[in-house]
S.K.: 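Got a structure here, written out as structure tokens. Questions coming.
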Amino acid sequence: MVTFQENSANQIVTKLPDGDKKASWLQTIRAILNPVDTLEETQQRYGDIYTAKFASFPTQVVISNPQAIQELFTADAQLFDSGAGNYVVQPLVGANSLILLDGDRHLQQRKLLMPPFHGERMRAYGHTIGDITEQVTSQWSIGKPFVARSSMQEISLQVILKTVFGLKEGERYQQIKQVLIEMLDTFNTPISAIFLFFQSLQRDLGAWSPWGRFIRRRQQLDELIYQEIRERRQQTENTSEDILSLLLSARDENGQPMTDVELRDELMTMLFAGHETTAIALSWALYWVHYVPEVREKLLQELNSIDIAHADPTAITQLPYLNAVCSETLRITPIGFFSFPRILKAPMQFMGYNLPKGMMISVCIYLAHHRPDIYPEPKKFRPERFLERQFSAYEFMPFGGGNRRCLGMAFALFEMKLVLANILSHYSLELLDKTYLKPVRRGIVFAPPGGVRLMVKEKY
Ligand code: HEM
């Protein structure tokens, strides 16, 4: 039987899939403060395709069914916008960010930004990643606890600044690092993440108010980035292949270069998207590897089979069990619980439902990765499942898919594997958080509570 209801634009539409009917602000706060339980309860109740309503967003259809994910990721990308649905990150990355763009401009910027994250260019960063890891971890001392997320953030931030940005060590480099970390720390608790979702709270009530503090740090960071842009513009000969050099030499169809604000927004995007995600993924990997001792032993056996210190970085990244450990980490604790939303530009038939223009479809990566029919005993960390079978791009999608698939996927995996191999082959670590850690929101990503506390037992 076909039933009808009214959507927010008062159009009559074929009945949408069921979902929680609570007020949108309540659904939003619950999802922010208790994401895992909220998602699991909703899925149990409404299945793997349901509607949800979050504050400031149109109604969305949340999917975690591989067939639906395939239908979405393989549909003509022209049917959807995504940028407009990502407005929550605008205060961080600016309106000209790739994340907020749609259509031809999105495609054009994506092509421009891609090269430093792939192929030979990326592989050339291998030794720098190793050196940075050794420099940061040399600050650990035997018997002294440390927080994995802080060390991993220091590594991933240095990696992106030195490799992708081509920034030289010096005063500005140190300042950018410090101010960026402080700025992102504004959203380090689930409660503070609420500021990103409710624009009415984004008010500057002075340097001591949370939003005021954020704005001031952002201004400091902007000034540092603009200084770098000005300096590089003045260099007459620029043969570097880093992101800033690429963007500086880009011209639009009218032969115009990018403005300073456009450059700033794209640089912020790469900084924001490119380091905290990888740092959190590495913290989860260190947690899981030490939480399940058999995994650590098996991984060490594999790492000991080659001379990590002198091996070609590509050989390390091709180790099968190391790859399975990274995949299983991103399956069980994906960094983004959702893909970017896909906003329908016209009415669409989707999985048998007639969806109206303006409706959003989002893939719930977390729920898709916890399906017992695809991943038996989904709460168990078992890298072997990735050696026993291959999962399709609609069953395993930690980096999303379709035309918005993560630009830094290859780079993030390359970095994760090299850092993990380097640490495990140099240190015997003890996990101090021996309990099950449930992911908590940190800004728009999902991190281990407390950042994973570890201690060095022995250094090899
Ligand atoms: C483990 C680390 C990472 C994870 C789990 C991750 C995950 C994701 C996800 C889920 C999306 C949305 C995809 C979609 O909606 O289909 C995305 C987009 C994006 N990611 Fe990543 N990411 C990671 C690291 C990186 C790195 C290192 C960079 C490098 C700069 C990066 C840059 C981006 C950009 C620019 C987008 C937007 C793409 C677009 O709008 O076309 N990410 N990422």
Side-chain angles (χ1 to χ4, degrees), residues 63 69 72-75 77 80-86 89 92-94 96-118 121-122 125 129 152-153 155-157 159-161 163-165 242-243 246-247 265-285 326-327 329-343 360-366 368-369 393-394 396-420 439 442 444-447:
I63 57 174
I69 298 171
L72 185 73
F73 282 169
T74 54
F80 315 105
D81 276 343
S82 274
N86 286 332
V89 294
L92 290 157
V93 295
N96 302 288
S97 159
L98 178 75
I99 296 179
L100 284 125
L101 298 181
D102 280 309
D104 288 348
R105 227 180 129 208
H106 167 255
L107 203 65
Q108 186 200 355
Q109 284 291 96
R110 216 179 133 91
K111 271 199 198 132
L112 183 66
L113 293 165
M114 197 74 96
F117 297 105
H118 290 87
R121 281 261 209 101
M122 179 190 80
Y125 305 147
I129 295 176
M152 296 308 109
Q153 190 172 13
I155 293 173
S156 64
L157 188 47
V159 166
I160 199 139
L161 288 176
T163 59
V164 177
F165 276 62
D242 57 74
I243 282 260
L246 277 175
L247 296 175
D265 289 359
E266 231 44 304
L267 292 179
M268 273 302 292
T269 303
M270 297 303 134
L271 273 181
F272 164 72
H275 93 279
E276 210 186 19
T277 43
T278 313
I280 292 173
L282 273 165
S283 314
W284 277 122
C326 292
S327 298
T329 300
L330 293 167
R331 176 197 72 81
I332 196 165
T333 40
I335 312 307
F337 274 17
F338 288 92
S339 71
F340 292 168
R342 271 55 173 183
I343 308 168
M360 298 199 327
I361 308 177
S362 298
V363 176
C364 183
I365 299 173
Y366 179 87
H369 284 184
Y394 319 114
F396 179 61
M397 71 303 296
F399 297 97
N403 71 326
R404 306 301 294 220
R405 195 179 77 176
C406 175
L407 192 84
M409 179 174 106
F411 184 83
L413 287 171
F414 185 73
E415 182 178 346
M416 262 182 94
K417 290 175 187 176
L418 292 185
V419 173
L420 208 56
R442 191 180 149 85
I444 60 157
V445 291
F446 292 84

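Atoms within a ligand are numbered from 1 in the order they appear, just like the ligands themselves. The figures that follow rest on heavy atoms only: side chains count, while hydrogens, waters and symmetry mates do not. Keep in mind the model is a prediction, meaning the values are calculated, not measured.
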S.K.: Which of the atoms in ligand 1, numbered in the order shown and given with their element, are less than 4.0 Å from a heavy-atom of Ile335?
M.R.: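 This gives 5 (C) as the contact atoms.
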
S.K.: Nearest to atom 13 (C) of ligand 1, what protein heavy atom do you find, and at what distance?
M.R.: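 Closest protein heavy atom to atom 13 (C) of ligand 1: Arg404 O, 3.2 Å.
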
S.K.: Could you list which atoms of ligand 1 come closer than 4.0 Å to a heavy atom of Ala281?
M.R.: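 Under 4.0 Å from Ala281, ligand 1 has these atoms: 1 (C).
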
S.K.: Applying side chain to side chain donor-acceptor pair (under 3.5 Å), can you list everything that pairs with Tyr366, at least two apart in sequence or on another chain?
M.R.: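 Side chain to side chain donor-acceptor pair (under 3.5 Å) list for Tyr366, sorted by chain: Glu40, Lys379.
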
S.K.: Show which atoms of ligand 1 fall inside a sub-4.0 Å distance from at least one heavy-atom site of Pro398.
M.R.: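 So the atoms of ligand 1 that pass are 5 (C), 7 (C), 10 (C).
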
S.K.: Below the 3.5 angstrom mark, is there an N/O of Gly401, backbone or side chain, next to an N/O of ligand 1?
M.R.: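 N/O-N/O distance below 3.5 Å exists for this pair.
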
S.K.: Is it the case that ligand 1 has an N or O less than 3.5 angstrom from some N or O of Phe340?
M.R.: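 Phe340 vs ligand 1: N/O contact under 3.5 Å present.
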
S.K.: Under 4.0 Å from a heavy atom of Arg110: which atoms of ligand 1 are those, numbered in the order shown and with their elements?
M.R.: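 With Arg110 as reference, the close atoms of ligand 1 come out as 38 (C), 39 (C), 41 (O).
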
S.K.: Between Arg342 and Gly401, which heavy-atom pair has the shortest distance, and what is it?
M.R.: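 Reported closest heavy-atom pair: NH2-O, 2.8 Å.
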
S.K.: For Arg342, counting its heavy atoms only, list the atoms of ligand 1 lying under 4.0 Å from any of them.
M.R.: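 By the 4.0 Å cutoff, the relevant atoms are 14 (C), 15 (O), 16 (O).
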
S.K.: Tell me the contacting part of His106 for ligand 1: side chain, backbone, both, or neither, using a 4.0 Å heavy-atom threshold, strictly below.
M.R.: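 It is the side chain that gets close, since no backbone atom is under 4.0 Å.
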
S.K.: How many angstroms lie between CZ in Arg405 and CZ in Phe73, if you round to the nearest 0.5 Å?
M.R.: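 The CZ atom of Arg405 sits 10.0 Å away from the CZ atom of Phe73.
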
S.K.: Report the part of Met114 in contact with ligand 1, treating N, CA, C, O as backbone and CB onward as side chain, heavy atoms under 4.0 Å; options are side chain, backbone, both, neither.
M.R.: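 It is neither part, as no heavy atom is under 4.0 Å.
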
S.K.: Protein N/O/S atoms under 2.8 Å from atom 21 (Fe) of ligand 1: how many?
M.R.: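 Protein N, O or S neighbours of atom 21 (Fe) of ligand 1 under 2.8 Å, waters not counted, come to 1.
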
S.K.: Could you tell me whether the side chain of His275 and the main chain of Met270 form a donor-acceptor pair under 3.5 Å?
M.R.: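 Between the backbone of Met270 and the side chain of His275 there is no qualifying donor-acceptor contact (under 3.5 Å).
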
S.K.: State which residues pass side chain to side chain donor-acceptor pair (under 3.5 Å) with Arg331; sequence neighbours excluded, sorted by chain then number.
M.R.: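 Scan of Arg331 (side chain to side chain donor-acceptor pair (under 3.5 Å), adjacent residues dropped) gives Glu328.
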
S.K.: Give the numbers and elements of all ligand 1 atoms closer than 4.0 Å to a heavy atom of Phe117.
M.R.: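 Numbered from 1, ligand 1 contributes 29 (C), 30 (C).
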
S.K.: Going by the rule side chain to side chain contact (heavy atoms under 4.5 Å, CB included), which residues pair with Thr329 if we only count those two or more places apart in sequence or in a different chain?
M.R.: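 Side chain to side chain contact (heavy atoms under 4.5 Å, CB included) list for Thr329, sorted by chain: Trp284, Ala285, Trp288, Val325, Thr333, Phe381.
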
S.K.: Looking only at N/O atoms, are Thr269 and ligand 1 under 3.5 Å apart anywhere?
M.R.: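 It does not: no N or O of Thr269 is found under 3.5 Å from an N or O of ligand 1.
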
S.K.: Hey, what's the ring geometry for Phe446 with Phe337, parallel, tilted or perpendicular (30° and 60° as the breaks)?
M.R.: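 Parallel, since the angle between the ring planes stays under 30°.
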
S.K.: Give, for atom CG of Leu72 and atom CZ of Phe80, the distance between the pair rounded to the nearest 0.5 Å.
M.R.: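 It comes to 5.0 Å.
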
